[in-house]
Amino acid sequence: MTDPNLRRSLLAGDPESIRQAGLSPEELIRIQDIDRERLELFAEMVMGRRLNDAIEGLPLTARLMGESLHPLALEFSRDSNGEFEKRHQVPLAFARFLQDQLRERPPTPACLIDVLLYELISLEILNEFDQATAAKIDGASQESLSDEDLLTTIPFQLPYIRAISFNCDIFPVIKALRMDQPPSDPPPEPTYVIVLMNSLGAIEKSKINFPTLAFFEACDGKKSLSQITASLLSKFHPGDSANSSFQKDCIALCRALAERHLIGLELKTGQPPAEARPATGFGQEESGPCA
Amino acid sequence: MQEVPFLGVGLSFRKELKEGILANPDRVDFLELIADQYVDQPPFRELEANELAQKFPLVIHGVDLSIGTDYPVDTAYLKKIRKLADSTQAKWVSDHLSLTRVPGNRLGQLTPLPFSKETVKLVTRHVQDVQEILGYPFLLENITYYFVVPPSTMTEAQFVTEIVRDSGCWLLLDLTNLLNNAVNHKYDAFEFLDQIPLDRVVQIHLAGSSYSRKLWLDTHNRPVPADVLKLLEYAAPKMPMLKAVNIERDQDFPAIEELFAELDRVRQILARHRVPDNFARAAVSPAPEISLDSTRCNP
């Protein structure tokens with residue numbers, strides 16, 4: 001009933017629309033009994049609420065897009081037809097919808113793609129928040145392992161952390177937007193960032209280098225550290241399979257990431273995974289929730 | 001019977017008001033938290049609720065229980081509300097006499113229910129389930145509705161009265177919603193007050209509405225209008241169980257002092273009418289006059 005065309009044809013008794021809406025004749029009569037003007041108003045209010053939910057969840061994107069966001073939000077609200085059971089699902093779906101739109105029509109400023117990606121990732125992380133899991137992870141501890149043992153462990157990514165490659169340096173853009181200032185569109189410059197939710201549930205971000213990003217991406221929960229090291233070695237130093245300092249670097253990186261609770265390690269001995277939530281203060285900047 | 005303690009005159013908590021409220025804790029007797037801003041949220045929201053609970057008595061106000069949905073009550077949601085109420089030592093929990101969702105589809109808007117015996121039975125059954133799960137005093141609030149949902153076979157006053165009588169719940173009477181409905185549906189708000197069980201009213205909501213397309217809308221974006229305060233003056237002396245009155249503001253936030261002045265004005269009204277004695281004791285010294293919206297009239 002939030003689709004104005006469907007609503008109008010339903011109220012006019014169009015059989016195809018009635019079939020599409022799945023209404024019984026009794027239900028249709030009830031709806032037709034409602035004051036048309038007020039029903040219209042109510043439908044608009046439902047749409048307006050959905051619109052607000054979508055936009056409020058993407059405050060930085062909304063600031064950057066300004067008025068140009070509204071027609072897209074309207075299109076999204078009209079198409080989504082209320083299939084969300086929870087309020088926080090709305091901005092997430094809207095972010096994905098926007099991402100599809102921006103793929104078709106590259107935006108100005110170009111950094112909009114990265115800002116949207118940052119907010120989408122933040123929403124995904126917040127959306128996956130689950131207190132029971134959080135408590136379980138908080139309670140886990142990281143055991144110290146020898147280098148030899150560490151190579152047999154299987155590193156895996158944690159549900160509250162993402163390593164992302166952006167097209168530009170989004171840090172000054174986000175800072176300006178948070179201060180309600182128009183950001184300058186930064187030049188293209190690949191920027192690698194870890195985005196995570198800290199133990200208080202706030203989103204933090206921190207720059208990393210490309211090898212760290214590659215390491216993160218290789219932590220698929222299937223390969224051992226030894227296998228990851230071998231695959232990264234062939235990527236960064238092809239033809240140098242005996243590079244022992246590279247292996248040492250990988251071990252040190254894995255250890256550092258695990259100690260800071262940025263990855264989990266599954267022990268080969270069948271012991272449960274050792275993982276933990278990062279405490280606050282990981283990132284260079286701490287932000288509140290994305291919303 | 002679960003205790004419903006006296007709370008006084010307070011505010012609905014919103015993040016935009018946080019700084020002003022925390023800087024002036026002596027100006028607000030209690031806070032009402034929107035449950036859905038703390039349930040299924042990251043831990044820092046829970047911490048915020050707990051911090052507020054250290055400074056103010058709290059009540060929990062839900063917007064998404066959807067008590068009128070013809071489907072079993074959402075037990076998981078209620079358990080989360082109970083957890084929030086436990087951790088904040090909330091005095092009671094409330095939600096709206098409406099529906100906001102059906103399985104698989106969320107409207108996000110308070111939607112009216114048919115005023116019928118069938119709905120009374122459904123809501124009564126749900127209220128009993130809710131009370132069992134929550135273990136807290138439970139209040140239902142009247143909403144602003146823009147159309148009557150067919151098939152309605154009772155008046156709104158009969159509907160509210162039967163639900164309260166049959167379910168044993170308490171009432172959160174929103175006087176602004178009442179006035180919106182009275183004007184929008186052309187009935188007498190004072191007569192409505194005479195028809196419902198005022199002895200079951202524990203809490204009152206006050207807010208300002210806006211007028212658009214020939215209807216008063218529940219927007220919470222303006223000061224409490226004089227006509228709503230007249231309803232308060234009329235009804236409050238007839239409410240022996242009244243424990244709390246709060247102002248809701250969700251948009252166009254004024255300086256915090258303006259809201260405090262509104263609270264003081266409410267205190268003065270309650271004190272002047274000696275209702276109940278607790279409110280008289282809670283009244284503060286006379287507040288400066290504020291400019292209440294005087295545009296409110298039957299359009």
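Atom set for the values below is all heavy atoms of this structure, side chains included, hydrogens, waters and symmetry mates excluded.
Proximity to chain B is limited to the side chain of R49(A), based on heavy atoms less than 4.5 angstrom apart. Interface residue E44(A): only side-chain heavy atoms are found under 4.5 Å from chain B. Heavy-atom distances place the side chain of D53(A), and not its backbone, under 4.5 Å from chain B.
In summary, the side chains of D86(B) and Y136(B) do present a donor paired with an acceptor at a separation below 3.5 Å, with no hydrogens or angles considered. Counted by atom type alone, E32(B) and H205(B) present one or more donor-acceptor pairs between their side chains at under 3.5 Å. When only modelled atom types and interatomic distance are considered, Y77(B) and D36(B) share a side-chain donor-acceptor pair under 3.5 Å.
Tested against H96(B) for a side-chain contact (heavy atoms from CB on, under 4.5 Å), the candidates L110(B), L65(B), L172(B) yield a single pass: L110(B).
Highest contact tally toward chain A, considering only V102(B), V149(B), T111(B), L217(B), is held by T111(B) [criterion: heavy-atom pairs under 4.5 Å].
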